[in-house]
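To keep things clear, I will list the structure first and then write my remarks on it.
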Amino acid sequence: QEEVVLATHEAGHAVVSLFCEHTPPIDRITIASEMQWSFGYVKFADPAHKYVRTVGFYLDQICVALGAREAERLLLDDISMGATQDLQSATSIAR
C-alpha cells in the first residue's frame with residue numbers, strides 16, 4: 001500500500017509538471033529515495049536561468065506541489081502526510 005501511495009504522489013507531481021510551461025524538464029523520478037528526508041521525489045533539471053525566477057515559474061511550482069495532493073485525492077480517495085508538506089511548500093511560495 002505504501003508503494004502505491006508514493007507512486008501516486010510522485011506521479012501527480014510529474015504529470016502536472018508536464019502541463020506547466022515554466023517548469024524545467026524532469027531529470028529523475030523515484031519512490032525508493034536514498035535521502036533520509038524523503039521517501040520519493042521528482043528531480044527537475046537545472047533551469048538555464050536558475051537565478052532569474054518569474055511569476056510564471058512560481059505559479060507553476062505551486063501547481064506541481066499541489067498536483068501530488070490532488071492525485072492522491074482523486075486516485076486513492078485519501079491524502080497522505082507527504083501531501084501536507086507539499087501544501088506547506090505551496091503556501092510558502094505563495095507568500
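Source: prediction; values computed, not measured.
With sequence neighbours left out, Glu3 forms a salt bridge (Lys or Arg N to Asp or Glu O under 4.0 Å) with no residue at all. Under the side-chain contact (heavy atoms from CB on, under 4.5 Å) criterion, Val4 pairs with Thr8, Leu76, not counting sequence neighbours.
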Atom pairs and distances, donor-acceptor, side-chain atoms in residues 82-95, under 3.5 Å, two or more places apart:
| from | atom 1 | to | atom 2 | distance (Å) |
| --- | --- | --- | --- | --- |
| Asp86 | OD2 | His9 | NE2 | 2.8 |
| Asp86 | OD2 | His13 | NE2 | 3.2 |
| Thr91 | OG1 | Leu87 | O | 2.9 |

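Residues Tyr41 and Phe44 do not share a hydrophobic cluster, defined by chaining ILVMFWY side chains whose heavy atoms lie under 4.5 Å apart. Under a hydrophobic clustering in which Ile, Leu, Val, Met, Phe, Trp and Tyr are joined whenever their side-chain heavy atoms come within less than 4.5 Å, directly or via other members, Ile29 and Val64 fall into the same cluster. Under the 4.5 Å side-chain heavy-atom criterion for Ile, Leu, Val, Met, Phe, Trp and Tyr, Val16 and Val42 are members of the same hydrophobic cluster.
Applying the salt bridge (charged side-chain N to carboxylate O under 4.0 Å, His left out) definition to pairs two or more places apart or across chains, those involving residues 13-27 are Asp27-Lys43. Each salt bridge (charged side-chain N to carboxylate O under 4.0 Å, His left out) pair with one or both residues in residues 51-69, not counting sequence neighbours, would appear here, but there are none.
The closest side-chain heavy-atom distance from Glu70 to Leu66 is not below 4.5 Å. With contacts defined as side-chain heavy-atom distances shorter than 4.5 Å, the pair His22/Tyr58 does not qualify. Side-chain contact between Glu72 and Val5: present, with at least one pair of heavy atoms (C-beta onward) separated by less than 4.5 Å.
Annotation for Ala14 and Ile26: closest pair CB-CD1, 3.7 Å, computed over non-hydrogen atoms. When all heavy atoms of Cys63 and Cys20 are compared, the pair lying nearest together is CB-SG, 4.1 Å.
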